[in-house]
2 protein chains.
Amino acid sequence: MEIISHEKPPGLFARMWLYLKSLPEKSKANVVEVVNKVIKLGKDDPRRITHSIKVGLALTMVSIFYYYQPLYDNFGVSAMWAVMTVVVVFEFSVGATLGKGLNRGLATLVAGGLGVGAHHLASLSGEIGEPILLGFFVFIQAAASTFIRFFPTIKARYDYGLLIFILTFSLISVSGFRDDEILELAHKRLSTVIIGGSACIIISILICPVWAGQDLHNLIATNLEKLGKFLEGFGNEYFKTLEDGESSNKDEKSFMQEYKSALNSKSSEESLANFARWEPGHGRFQFRHPWQRYLKIGNLTRQCAYRIDALNGYLNTEIQAAPEIKSKIQEACTEMSLESGRALKELTLAIKKTSQQPITSADTHIKNAKSAAKNLNTLLKSGIWEDCDLLTVVPVATVASLLIDVVNCTEKVAESAYELASAANFESIDSAISTEKPRSGQCGAEKSNADCPHVVITVSELTPAAAMADRSLKA
Amino acid sequence: MEIISHEKPPGLFARMWLYLKSLPEKSKANVVEVVNKVIKLGKDDPRRITHSIKVGLALTMVSIFYYYQPLYDNFGVSAMWAVMTVVVVFEFSVGATLGKGLNRGLATLVAGGLGVGAHHLASLSGEIGEPILLGFFVFIQAAASTFIRFFPTIKARYDYGLLIFILTFSLISVSGFRDDEILELAHKRLSTVIIGGSACIIISILICPVWAGQDLHNLIATNLEKLGKFLEGFGNEYFKTLEDGESSNKDEKSFMQEYKSALNSKSSEESLANFARWEPGHGRFQFRHPWQRYLKIGNLTRQCAYRIDALNGYLNTEIQAAPEIKSKIQEACTEMSLESGRALKELTLAIKKTSQQPITSADTHIKNAKSAAKNLNTLLKSGIWEDCDLLTVVPVATVASLLIDVVNCTEKVAESAYELASAANFESIDSAISTEKPRSGQCGAEKSNADCPHVVITVSELTPAAAMADRSLKA
């Protein structure tokens, strides 16, 4: 007991002393780490820095209401609402800011009006009835609005508006119980909200604007490009292991893993599309640009990415197919993978440049990929593998089959890219072709080739002759 | 010209009249449609209705501050902050409400303190310097906090806290310019925020609580179950087309498409896990339940779902393999699919019941699936297909290969379910086994069977004898 009680305090103090002594070094290391993280965050997307500065600017501007006497005389303490609006409404992209600002403004207007009405109605019912009736109104509207927020379509676009509706209605109707100048309160609240919201919208549009539409456009194009990169590299990577006996080093391979970010981009695509709807025309995009079509391309891209994820599994699996089997289908598979990759890259280019030209080149690549698939079919029919062990054929056959799937996916992506190009009036090659081109949505597999020159031949009907004929149709 | 001007006004009026006449019918149809939607929304998840009522209740409770004179004398107009807190903080699940409430309370405390400090500092610098210095402070903190919100880890947990920090700091420091009773303002704001937040938290916990943790738990289990259902049905569905000549009707098939919701559940899983962290112990879950391990299971489930999506493509593809080829591997493939499906269903049960018992049964099913894979290998080696056209072999080979992938995925899911069971102290079969069982994270492919009785045999080393030996190890 004595030893313990004798040793403990110095132990504790010693440890504390050691801890305190190591603190400067530790905190220095921590500070360096944090600073590095901050620099990386800023470098990854410099718009984050400008956004932060813009928020600071908007807040400082709005707080002038407090400092400048004539303005303060007008609004008084209500100027607080302007500050609050800026903090809550200012979002990263113009679309999100506009959406929130309009939601807030409109909700404040409607809820303010209804709140004044509810107050008026309640005040008719005498001193005892008033709080009861007000409480009832608040309860009913809060419960109803909260329930409405569960509707998925409303949640996507008007969630914030309903929140502000509940807030303003409660504040106005309940404040009215004490404050007789309720109309003035509602009016001041509305005008300060409008001032704060306008400050946000103006600053977010005028100073280095971040357009959600542009981001969506880039995200879709980048995801397609990543898949294209994988496919361009896949043939070499899969068959190289057989030639060199070992796979290439990690640095070269990293671009092969980029496609993974496309697997889970659904939710960010959807929120960007929701924001983009609020945005006015900017750059190459008009108001009411067909953002929904980007989501369709995104969904098809993900379909393709799932197949690619399965393909990727065959790059690193231990169960490798025998080299002699691989070599027999190497040419056809490499061609399919390479050509679909090129097609996806052309589609990326088409989207990035908002031009129809690359879609035509993509069609050529898709046709090449399909004739490679055709060749593969012929190869398989010729029975080149008859002396091989079927067990070793399975992985190779799977890869071939997945590649055929990928070619089909690529074609669907090309179709939807074409629909987007028509709907969004991408720059066409020449006006003669552009007047002939089918309207969006009419171009499906059931249409004849003459109606839809850019798509349609299925693997089974594609022969070199048909491909030639199809090419001549286009020229 | 005359005809047009003569005809147009009646046409317009007639159309308006027709429109007005059809309005009651149309609006009746619309009302019926909306009512049906509301009923469906409520039926799908009745907790939505209770949540709406809870929000109404909390708001009405808090507005008592306005109605009841003694309370109003204490807080005055600041009572508004309590109303605002309730509207903004009350979320669907307890975890989200707690997270937002704590974030708001803490941020108000810290920002209030700093705001008072900033005000004091600025007031030292004279009448002209004060607004300039205040503006500078507001700018700096708003820009810095906005930038910090971009850190992914901070965004996930403290985003709302930082928003409130910016808000409160700006309000307190700027209001201080006019209001001399700044300390009282800060104090009132903090206490009303605490009152509003507590009302939310108490109501959300006491009245029909919705636990994010429980939801995450159920979501993970349900996703596993959906994959299990698909796999159990896949064998029959894929080989039935050959026996009956036509596929079964749509109603029976709908459960085969349920797995699709598992493909895109990543973001909802992550947000549920973030909310769950804030929750105190409830039901079978303790505070600091290993929620992160659910995310790991979720990720592996998605890996499996990608393969299943590829498999699903072979159910409806036009390029069907020849029946005689299918029939040769039917038994092994059906067995693999069925047994992995059963294993996933057992794992679902293990999670749903928080019991280790079903994991053991899942192991048995996985072993069966593996021995089926082994049989398939033997079949393929025996060269049963030698006289077949290789072209028709490709789809069947792909299905077989994807099923092998699925079996491997299932095993990984079982491993991570086992890790979860150990970390979360799931009910074990008997204490003798539970004391012997390995600790979570130590159980990988590199361990010997004796250490990890529940996993590990790879396809290559699995022989019926080994399986027997392994089973006897467990008993």
Side-chain angles (χ1 to χ4, degrees), chain A residues 37-38 41 48-49 51-53 55-57 59-60 63 66-67 72 80 83-84 87-88 131 134-135 138-140 142-144 146-147 150-151 163 166-167 170-171 174-175 177-178 264 266-267 306-307 309-310 313 377 380-381 383 385-386 389-391 393-395 397-398 400-402 405, chain B residues 37-38 41 48-49 51-53 55-57 59-60 63 66-67 72 80 83-84 87-88 131 134-135 138-140 142-144 146-147 150-151 163 166-167 170-171 174-175 177-178 264 266-267 306-307 309-310 313 377 380-381 383 385-386 389-391 393-395 397-398 400-402 405:
Chain A
K37 269 190 188 168
V38 167
L41 204 66
R48 288 171 179 155
I49 299 170
H51 173 69
S52 307
I53 293 171
V55 172
L57 197 69
L59 255 185
T60 317
S63 53
Y66 270 90
Y67 307 143
Y72 187 78
M80 175 184 78
V83 172
M84 199 170 282
V87 174
V88 182
L134 276 178
V138 167
F139 177 82
I140 288 295
T146 306
F147 190 77
F150 283 115
F151 281 100
L163 185 86
I166 305 177
L167 184 64
S170 311
L171 284 185
V174 167
S175 307
F177 183 64
R178 292 283 163 193
N264 287 309
K266 188 181 172 71
S267 57
Y306 296 153
R307 304 290 177 274
D309 194 44
N377 273 0
L380 298 181
K381 270 188 187 150
W385 296 343
E386 261 169 20
D389 182 2
L390 265 164
L391 182 61
V393 173
V394 172
T398 312
S401 173
L402 284 170
D405 272 8
Chain B
K37 270 189 188 168
V38 167
L41 204 67
R48 287 170 180 155
I49 299 171
H51 174 70
S52 307
I53 294 170
V55 172
L57 196 70
L59 256 184
T60 317
S63 52
Y66 269 90
Y67 307 142
Y72 187 80
M80 177 184 76
V83 173
M84 198 171 282
V87 174
V88 183
L134 274 179
V138 168
F139 177 82
I140 288 295
T146 306
F147 189 77
F150 283 115
F151 281 99
L163 184 85
I166 304 177
L167 184 64
S170 309
L171 284 185
V174 168
S175 308
F177 183 64
R178 292 283 163 190
N264 287 309
K266 189 182 170 73
S267 57
Y306 296 154
R307 303 292 177 274
D309 194 44
N377 273 0
L380 298 180
K381 268 186 189 152
W385 296 343
E386 259 168 22
D389 182 3
L390 264 163
L391 181 61
V393 173
V394 171
T398 312
S401 173
L402 284 170
D405 271 11

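So that the names make sense, note that chain A is the first sequence line, chain B the second, and so on, each numbered from 1.
Looking at heavy atoms from C-beta onward, Arg48(B) lies out of side-chain contact with Thr146(A) at the 4.5 angstrom threshold. The shortest distance between side-chain heavy atoms of Lys266(A) and Lys266(B) does not fall below 4.5 Å.
In terms of non-hydrogen atom pairs under 4.5 Å with chain A, the most contact-rich of Val55(B), Val138(B), Leu402(B), Leu167(B) is Leu167(B). Ranked by heavy-atom pairs under 4.5 Å with chain A, the first of Asn264(B), Leu163(B), Val83(B), Ile166(B) is Asn264(B).
The minimum heavy-atom distance linking Ala142(A) with Gly56(B) is given by the pair CB-CA, 3.8 Å.
Heavy atoms closer than 4.5 Å to chain A are found in both the backbone and the side chain of Ile49(B). For Ser267(B), the part lying under 4.5 angstrom from a heavy atom of chain A is the side chain only. With a 4.5 angstrom heavy-atom cutoff, Ala400(A) does not touch chain B via any of its atoms.
Atoms OG and CZ, on Ser63(A) and Phe139(B) in that order, are 11.5 Å from each other to the nearest 0.5 Å. Once rounded to the nearest 0.5 Å, the distance linking CD1 of Ile140(B) with CG of Leu59(A) reads 12.5 Å. Here the CE atom belonging to Met80(A) is positioned 4.0 Å from the CE atom belonging to Met80(B), to the nearest 0.5 angstrom.
In this structure, the ring of His51(B) has its center no less than 6.0 angstrom from the ring center of Phe147(A).
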